[in-house]
Amino acid sequence: MNPILVNQPLLDGNEKKYLLECIDTGWISSEGPFVKKFEEQFAARVGRKYGVAVSNGSVALDAAVAALGIQPGDEVILPTFTIISCAAAIVRSGAVPVVVDCDPNTWNMDVSQIEDKITPKTKALMVVHIYGLPVDMEPVLALADRYGLQIIEDAAEMHGQTYKGRPCGSFGAISTFSFYPNKHITTGEGGMLLTDNEQLAERCCSLRNLCFQPQKRFVHQELGWNLRMSNLQAALGVAQLERLDEFVARKRHIGQRYTELLSDIPGLQLPLPRTDYADNIYWVYGLVLKDEVPFDAEQAMRRLAQYKIGTRPFFWPMHEQPVFRKMGLFDGVSYPVAEKIARRGFYIPSGMALTDEQICRVAQVVVEVFK
Ligand SMILES: *Cc1c(COP(=O)(O)O)cnc(C)c1O
């Protein structure tokens with residue numbers, strides 16, 4: 001039996017054609033025409049005025065934090081159950097990450113815990129939509145409004161998703177996306193910042209390009225980074241974006257099939273198909289082992305590996321990261337929901353190229369392992 005990889009992208013649209021165009025014209029750097037095109041088309045798709053393409057989703061968060069002027073001593077509230085990129089961007093700016101636990105069913109930040117964490121030092125709320133369902137945005141927007149806080153929206157897992165009909169990625173003062181190969185659309189490596197604010201867009205562009213100045217190019221008033229996306233990456237992005245609706249439909253199909261095939265296993269918590277504000281787009285199909293299961297996620301993943309089924313563990317909470325504990329952050333805190341799903345959650349093959357046959361085979365193996 002061939003292995004079933006945890007992710008495989010689908011690149012059989014116009015990707016090759018547009019890449020050849022880059023080679024044939026010689027436009028391979030960030031100066032090439034696909035970059036502008038991808039920025040404009042992706043921003044339009046999310047209903048935003050400006051898109052700034054960058055080299056990945058993690059640096060998009062670094063640039064977002066810097067562009068919003070978040071400084072040493074400031075506090076930023078985010079979920080503990082997320083990828084390190086979110087907290088890393090805050091810590092690198094000198095600000096303090098303050099975390100909240102997640103909801104046991106949606107795995108998204110528990111928005112009812114945010115208000116207690118707001119202090120006079122709080123400058124921003126970093127919301128991160130997790131695994132396919134959006135954060136409940138209305139209460140977050142109300143808090144941001146009441147306390148005068150900026151929102152950074154990490155929509156890296158939410159291409160094509162909506163919250164109450166409004167596109168994810170349209171809520172933040174700055175919103176960020178990733179185009180890593182396991183996201184709904186990919187550029188290999190890549191990311192984007194979106195905003196409606198012209199000054200913020202200009203700041204993001206400047207930070208992306210070493211803060212070169214238009215007049216005196218090599219005289220710098222500020223430190224930036226080289227975060228530029230190449231024309232080759234953007235060419236892939238334009239081709240992928242043409243198929244976003246199809247890709248979202250495919251992911252929903254994968255999610256629905258898994259749910260049909262796995263819902264009879266008593267020990268497994270499956271992803272919620274929907275909430276009252278969104279239908280799941282199943283960025284990944286996560287499983288959480290219920291208390292009655294006598295082994296943890298690591299062991300379940302080892303068993304699936306024996307059948308050559310690829311898996312990945314869930315995120316490890318920010319407050320339990322050795323790197324942050326060594327810095328003296330998150331001393332003595334506990335967030336029980338995130339701690340539990342980190343140990344009992346993992347995801348099964350969920351990539352765009354997964355075939356219906358592979359879905360059945362993965363489900364059969366999962367059934368076998370949980371018998
Ligand atoms: C993938 C991801 C990122 C990081 O994106 P990269 O392009 O891999 O750097 C950031 N945030 C979330 C929520 C992600 O899923």
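Both counts, for ligands and for their atoms, begin at 1 and track the order of listing.
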Minimal non-hydrogen separation, [X] against [Y], with atom names:
X: Val333; Y: His319; answer: CG2-CB, 3.8 Å
X: Leu289; Y: Asp296; answer: CD1-C, 3.3 Å
X: Ile130; Y: Asn108; answer: N-OD1, 2.9 Å

Exercise: do Asp110 and Ser112 side chains pair donor with acceptor under 3.5 Å: yes
Is the shortest N/O to N/O distance between [X] and ligand 1 below 3.5 Å?
X: Ser178; value: yes
X: Leu61; value: no
X: Ser85; value: no

Counting neighbours of CZ on Phe370 that are heavy atoms of other residues, nucleotides or ligands and sit closer than 6.0 Å, is the number greater than 12? yes
Sole candidate of Phe81, Trp283, Phe314 that passes ring-ring contact (aromatic ring centres under 6.0 Å, His included) when paired with Trp107: Phe314
Which part of [X] is near ligand 1, with near meaning a heavy atom under 4.0 Å away: side chain, backbone, both or neither?
X: Val128; answer: side chain
X: Glu189; answer: neither
X: Ala156; answer: side chain

Among Met158, Lys183, Met192, which one has a heavy atom closest to atom 14 (C) of ligand 1? Lys183
Looking only at protein heavy atoms, which one is nearest to atom 11 (N) of ligand 1, and what is the separation? Asp154 OD2, 2.6 Å
What protein heavy atom sits nearest atom 4 (C) of ligand 1, and how far off is it? Ser58 OG, 3.6 Å
Using the ring of Phe171 (Phe, Tyr or Trp, six-membered ring only), decide whether Arg166 places NZ or CZ under 6.0 Å from its centre and within 45 degrees of its axis. yes
Numbered in order shown, the ligand 1 atoms found under 4.0 Å of a heavy atom of Asn56 are 7 (O), 9 (O)
